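Accompanying notes for the structure given below.
Convention: sequence-line order gives letters A, B, ...; per-chain numbering from 1. Computed from a predicted structure; not experimentally measured.
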Amino acid sequence: MPFESAWRLKEEMISGDLDPVEHAAHVLERIRRWEGSVHAYLSLRREDEILGDTGRAVERLRSGKARPLEGLLVAVKDNIMTLDLPTTAASKMLKGFKPGYEATVVERLRAAGAIITGKTNMDEFAMGSTTELSAYGPTRNPVDLERVPGGSSGGSAAVLAYGGADLALGSDTGGSIRLPASFTGTVGLKPTYGAVSRYGLIPYANSLEQIGPMGRSVRDVALLFSVIAGWDPRDATTLRRTGWVDPENLAPLDPHSLRICTPEELLEGTDASVAKRFDSLLGELEESGAVVEEVRIPVLREALPAYYTIAMAEAASNLARYDGSLYPCRPSTRPRSWEELVERTRTECFGSEVKRRILMGVYVLSEGYRDQFYLAATRIRRLIRNAMMAATRRCIVASPTGPVPAPRLGERIGDPLKLYALDVQTVTANLAGIPSLSQPMGRVMGLPVGVQWMGPSMGEETLLRLGLLVEEVLGYGRG
Amino acid sequence: MVGVKIGLEIHVQLTEAGSKLFCGCRSNYRGLPPNTNVCPVCLGLPGALPVPQPGPVEAAIAASMALGCRLPWAIVFTRKHYFYPDLPKNYQITEYEGAHGAPVCLGAVFHYLDPGSWEWRSVRIRRINLEEDPGRSQYGDGGIMASPVVMVDYNRSGVPLLEVVTEPDLRGPRDARSMVEYLLLTLEYIGATNPRLEGAFRVDANVSVGGGERVEIKNIGSTLEVERALRYEILRQTKIIEAGGKVERETRHWDSTRGVTRPLRHKEAEEEYLYFPDPDLPPLPITGKLKERARSRITLLPGEVYKTITGHGVGREVAWSITQHPPLARLYLTASEHVADKKTLARLLGVDLKGALKDLGRTPSEPETLPPPETVITLVKLVEEGELPYDAVRGLVLPKLAQNPKTPIESLIPEKAKVTDSLIEAVLMEERKALCDLLRGKKKALNYLVGAVIRRVGKAAVDPRAIRGMIEKKAREIERLCLEAESS
């Protein structure tokens with residue numbers, strides 16, 4: 001990693017070795033240097049505001065009243081509501097949208113002393129896997145500017161990769177945190193469904209998505225997760241559980257107690273080079289004492305179609321509200337009736353991928369098709385959930401995070417099926433509601449690739465401890 | 001009207017549930033300026049999440065129990081999609097049987113009293129859905145299809161609503177009206193709704209005549225209108241049939257100003273609501289605890305009240321008159337434990353107090369219009385003991401009580417204290433001549449003495465007959481005064 005982890009920064013700030021204001025100035029300078037070519041932020045707070053906040057953090061750090069994220073700079077994906085900055089989900093439909101309420105996770109960030117830098121680019125309404133489908137233009141991968149950073153949380157991942165923030169929030173509906181982590185060489189966690197409040201997250205597919213932490217090290221992710229996780233009375237789907245992880249006292253997993261399963265269904269379609277890198281990582285873990293076992297979970301072959309069916313159904317429903325009345329985007333010419341307003345607003349203000357998913361979502365929910373598509377998908381989902389619950393009771397389920405390293409811009413978005421296929425390994429965790437961690441496992445053709453670990457429901461601590469072990473084995477990310 | 005079949009769909013707001021269904025905004029929005037009873041949740045803003053609120057959920061389960069329903073294992077919410085200006089999410093969170101959903105009532109046989117025939121009747125309830133009310137929209141010229149402006153007030157958006165759907169068991173307009181009235185009364189008894197609030201309920205009716213097609217009538221806003229709309233529609237259908245025509249299956253609108261039903265201008269498209277369970281709302285199991293809390297809301301039901309009152313020997317009309325107003329019924333039940341003469345109590349409350357309130361444009365359905373039980377008990381006891389004639393209570397006390405139910409009992413009946421034995425004695429001592437005339441058998445003297453007593457106490461609540469009796473009695477007691485006077 002070219003930049004220090006947030007955990008190291010935090011320690012240096014507490015010890016007094018690092019001046020938070022000086023650090024913030026560095027970060028702001030990197031933003032100025034990189035944003036022109038990467039375009040990871042959709043909106044940024046004013047520099048003097050950020051520096052002002054950092055100044056106040058100095059006082060708390062000096063007086064020993066530092067909160068868990070005191071003085072750290074955090075970027076927030078643009079589908080998470082913030083009071084001060086617009087929240088657009090990278091859609092023209094919500095251009096400049098500031099509804100005056102804040103996501104629970106953002107409230108928790110602020111309460112923990114975090115300083116928010118800005119809102120990060122994404123695929124429109126989180127529908128995409130490359131961050132090319134933003135209405136405000138694509139984000140490029142700082143590792144290689146000709147390539148995509150992955151999506152949909154590509155802006156958050158890119159910001160971490162070029163040092164434009166210390167930590168970032170993403171959201172993961174079918175891999176939207178993990179795929180960008182894989183493509184940019186960063187770490188991302190898709191939490192157990194219900195671990196993190198979705199209050200204030202612009203919904204794409206409510207039953208699948210979670211807000212999650214992104215960082216440059218496993219401990220960074222643990223730190224941010226410990227702040228945002230927990231029951232929220234404003235989200236009826238959050239779990240009533242406290243004490244998810246303690247980042248302070250998180251030790252690497254003992255490899256001798258580690259059992260890894262690799263379902264062959266999750267390796268099908270993976271590039272040989274990526275598969276090779278994955279195998280050699282597993283080999284190294286085996287050498288340290290872990291047990292690695294190839295398994296078969298045939299129902300996982302149905303995961304991708306089941307995932308897209310459910311996601312599109314929920315999307316069609318969630319996006320019905322954008323009808324030109326309560327939201328900023330209006331048709332270019334004055335409509336003659338309410339019906340025309342709705343029609344024209346939706347035609348003009350949604351991007352084509354969003355419209356595609358709405359149409360398909362309506363189709364799979366329609367009378368006469370619901371049984372065949374939507375209800376069938378929910379049945380497959382139940383089977384997958386059962387299979388993954390059973391598998392993760394006895395082992396950590398592993399696969400490469402994505403089938404390929406970061407594609408070039410334009411390479412995948414021309415064909416929806418090729419685009420959707422990028423999610424083939426990640427959607428399983430969302431369908432099953434189980435946690436999944438993606439972390440770098442090395443490079444392929446000079447590009448970072450990630451490995452993803454899936455654990456039992458509420459098994460975040462185990463995954464994060466495994467992540468620390470892998471960092472040790474691979475010899476980076478310490479600190 | 002042979003072979004009339006009527007089924008109803010009754011939407012009742014849970015105005016008394018306290019909050020909206022999924023947020024803390026108020027369930028009763030009346031009197032608030034437009035768009036002031038709103039928050040991100042009931043405006044349906046993206047990212048704001050619905051959270052079932054205890055008040056509406058308990059009220060809905062209580063309603064389901066009070067109507068005799070089979071309860072599902074959980075409260076399950078489903079999304080029903082349709083585009084409409086006053087529906088902020090363009091889907092309504094409701095309940096649905098199918099697609100993994102369930103209504104809050106899985107079916108019931110509901111018994112209601114028909115006060116026309118004094119018969120108990122029954123209607124099958126097919127289901128009850130708990131759902132959110134949309135906002136309210138207002139259009140300019142051309143209505144929804146052509147108006148250049150739509151104004152929407154979201155104060156109502158998210159208010160909890162019960163949609164009660166009956167089987168086509170009702171036999172006539174009067175029957176339908178009685179059923180709706182009794183249903184609303186039941187929901188009022190359990191503190192779920194106040195049916196007198198503007199817009200608190202709406203009724204759609206399905207009606208067919210002689211086995212023909214059914215016609216749906218929408219937008220009926222009061223129980224009287226239910227009867228009127230159905231009378232009109234049955235007549236309309238009967239005429240078509242008598243003329244040899246066939247009734248078409250359609251949806252019509254009730255125009256209450258003109259008193260006619262009219263076909264809806266545009267045909268509704270094939271219904272396609274894209275039902276699926278709301279992923280933001282996990283099923284809420286109806287646990288024993290939840291049932292207990294719901295049951296604790298059902299302290300009294302109209303059937304019990306009516307049967308108790310008639311069981312006291314009170315006539316059906318008066319009993320029903322009391323039953324129709326929950327606070328009045330509660331007052332009756334409390335007071336009846338302390339008085340022997342229940343008929344007088346019932347008449348006092350159900351006929352004369354109610355009448356006195358009505359004269360002032362008030363209703364005994366509002367608890368603050370009613371006197372405390374102690375006042376009522378005292379009044380009935382005074383009547384029972386012959387201390388106060390009932391006519392005086394009706395003519396003099398009740399109008400005052402209707403004006404101010406908190407009036408202390410002493411200032412209601414000052415006259416009672418003054419017409420005492422000693423007062424009579426004092427008057428007789430003063431009017432010695434008249435007393436002696438009376439004892440000599442002069443009838444006129446008695447009238448004069450009664451007048452003298454009344455002059456003393458003012459012409460308030462006195463019963464001349466009673467005074468007459470008291471004077472005659474006292475006169476005999478002090479007869480010797482006259483004898484002494486004569487002998488001397």
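When each of B/Val41, B/Leu281, B/Leu274 is checked for heavy-atom pairs under 4.5 Å with chain A, B/Leu274 comes out on top. If you tally non-hydrogen atom pairs under 4.5 Å between each of B/Pro46, B/Ala48, B/Pro279 and chain A, the highest count goes to B/Pro46. Per-residue heavy-atom pair counts under 4.5 Å with chain B were compared for A/Ile202, A/Asn79, A/Ile80, and the maximum is reached by A/Ile202. With chain B as the partner, the residue from A/Glu340, A/Arg336, A/Arg198, A/Met81 showing the most heavy-atom pairs under 4.5 Å is A/Arg198.
Within residues 130-138 of chain B, no residue has any heavy atom closer than 4.5 Å to a heavy atom of chain A. The stretch residues 91-102 of chain A places A/Phe97, A/Pro99, A/Tyr101 near chain B, each with some heavy atom under 4.5 Å from a heavy atom of that chain. The stretch residues 119-128 of chain A places none of its residues near chain B, where near means some heavy atom under 4.5 Å from a heavy atom of that chain. Contacts from residues 327-334 of chain A to chain B, taken as heavy-atom pairs separated by less than 4.5 Å, involve A/Tyr327, A/Arg334 in sequence order.
Atom OG of A/Ser207 is separated from atom CZ of B/Phe276 by 8.0 Å, given to the nearest 0.5 angstrom. Put simply, CG on A/Asn206 and CG on B/Asp278 are 7.0 Å apart, with the number rounded to the nearest 0.5 Å. Put simply, NE2 on B/His81 and CG on A/Leu365 are 7.0 Å apart, with the number rounded to the nearest 0.5 Å. Atom CG in A/Asn318 sits 7.0 Å away from atom CG in B/Asp280 (nearest 0.5 Å). One finds the OG atom of A/Ser317 at 13.0 Å from the OH atom of B/Tyr275 (value rounded to the nearest 0.5 Å).
Judged purely by atom type and a 3.5 angstrom limit, B/Glu272 uses its side chain to pair as donor or acceptor with the backbone of A/Glu367.
With a 4.5 Å cut-off on non-hydrogen atoms, A/Pro335 does not touch chain B at all. Interface residue B/Tyr154: only side-chain heavy atoms are found under 4.5 Å from chain A. Contacts of A/Ala205 with chain B are absent, with no heavy-atom separation under 4.5 Å from either backbone or side chain. Looking at A/Val364, there are no atoms closer than 4.5 Å to chain B (heavy atoms on both sides), in backbone or side chain. Heavy atoms closer than 4.5 Å to chain B are found nowhere in A/Thr87, neither backbone nor side chain. Contact annotation for A/Tyr193: only side-chain heavy atoms (C-beta onward) come within less than 4.5 Å of a heavy atom of chain B.
Listed here is the closest heavy atom pair of A/Ala236 and B/Pro52: CB-CD, 4.3 Å. The two residues B/Pro85 and A/Trp338 make their nearest non-hydrogen contact at N-CZ2, 3.3 Å. B/Pro88 approaches A/Leu326 most closely through the heavy-atom pair CB-CD1, 4.3 Å. Closest approach of A/Pro203 and B/Gly47 over heavy atoms only: CD-N, 3.4 Å. The heavy-atom pair separating A/Glu314 from B/Arg79 by the smallest distance is O-NH1, 4.4 Å. The heavy-atom pair separating A/Ala320 from B/Asn90 by the smallest distance is O-ND2, 2.8 Å.
The side-chain heavy atoms of B/Leu49 and A/Arg234, taken from C-beta on, include no pair separated by under 4.5 Å. Looking only at side-chain heavy atoms (C-beta outward), B/Phe83 and A/Glu339 stay at 4.5 Å or farther from each other. Here the side chains of B/Pro40 and A/Tyr199 are in contact, with some heavy-atom distance below 4.5 Å.
Under a cut-off of 6.0 angstrom, the local environment of CZ in B/Arg26 is sparse, with at most 12 non-hydrogen atoms contributed by other residues, nucleotides or ligands.
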